[in-house]
> 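Handing you a structure now.
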Amino acid sequence: MARPIAETPILTGEEAIRFEKMRLEVENLSKEQRAQNSQKLKEAVSKAKKYITIAI
């Protein structure tokens with residue numbers, strides 16, 4: 001049986017300010033910056049895969 005999903009908490013104070021700053025930073029990225037971030041992430045995942053073994 002599925003568990004109920006908890007309500008999303010409402011951000012207030014410093015948490016709300018920090019969240020808004022982070023949201024604006026992401027929206028202001030250029031296509032080149034997004035591409036660089038994607039490339040860095042892909043490289044990090046490739047490096048991590050060398051050290052991770054998944055056994056099912």
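Numbering starts at 1 and runs along the sequence shown. Heavy-atom basis, side chains included; hydrogens, waters and symmetry copies ignored.
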> Quick one: list whatever passes side-chain contact (heavy atoms from CB on, under 4.5 Å) with Glu20, sequence neighbours left out.
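If we apply the side-chain contact (heavy atoms from CB on, under 4.5 Å) test to Glu20, skipping adjacent residues, the hits are Arg23, Leu24.
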> Sequence neighbours left out, what passes side-chain contact (heavy atoms from CB on, under 4.5 Å) with Gln36? Give chain and number order.
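So Gln36 forms no side-chain contact (heavy atoms from CB on, under 4.5 Å) with any residue.
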> Please name all residues satisfying side-chain contact (heavy atoms from CB on, under 4.5 Å) with Ile5, sequence neighbours left out, ordered by chain then number.
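Partners of Ile5 by the side-chain contact (heavy atoms from CB on, under 4.5 Å) criterion come out as none, since no residue qualifies.
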> Working to the nearest 0.5 Å, report the span between CD of Glu14 and CD1 of Ile17.
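Those atoms lie 4.5 Å apart.
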> Suppose clustering is done on Ile, Leu, Val, Met, Phe, Trp and Tyr with side-chain heavy atoms closer than 4.5 Å. Which residues sit in the same group as Leu11?
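Once heavy-atom contacts under 4.5 Å are chained together, Leu11 belongs with Phe19.
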> By the side chain to side chain donor-acceptor pair (under 3.5 Å) test, which pairs, at least two apart or in different chains, include something from residues 38-49?
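Listed once each, the pairs are Gln39-Glu43.
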> When clusters are formed from ILVMFWY side-chain contacts under 4.5 Å, directly or step by step, what else is grouped with Leu41?
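Members besides Leu41, by chain and number: Val45.
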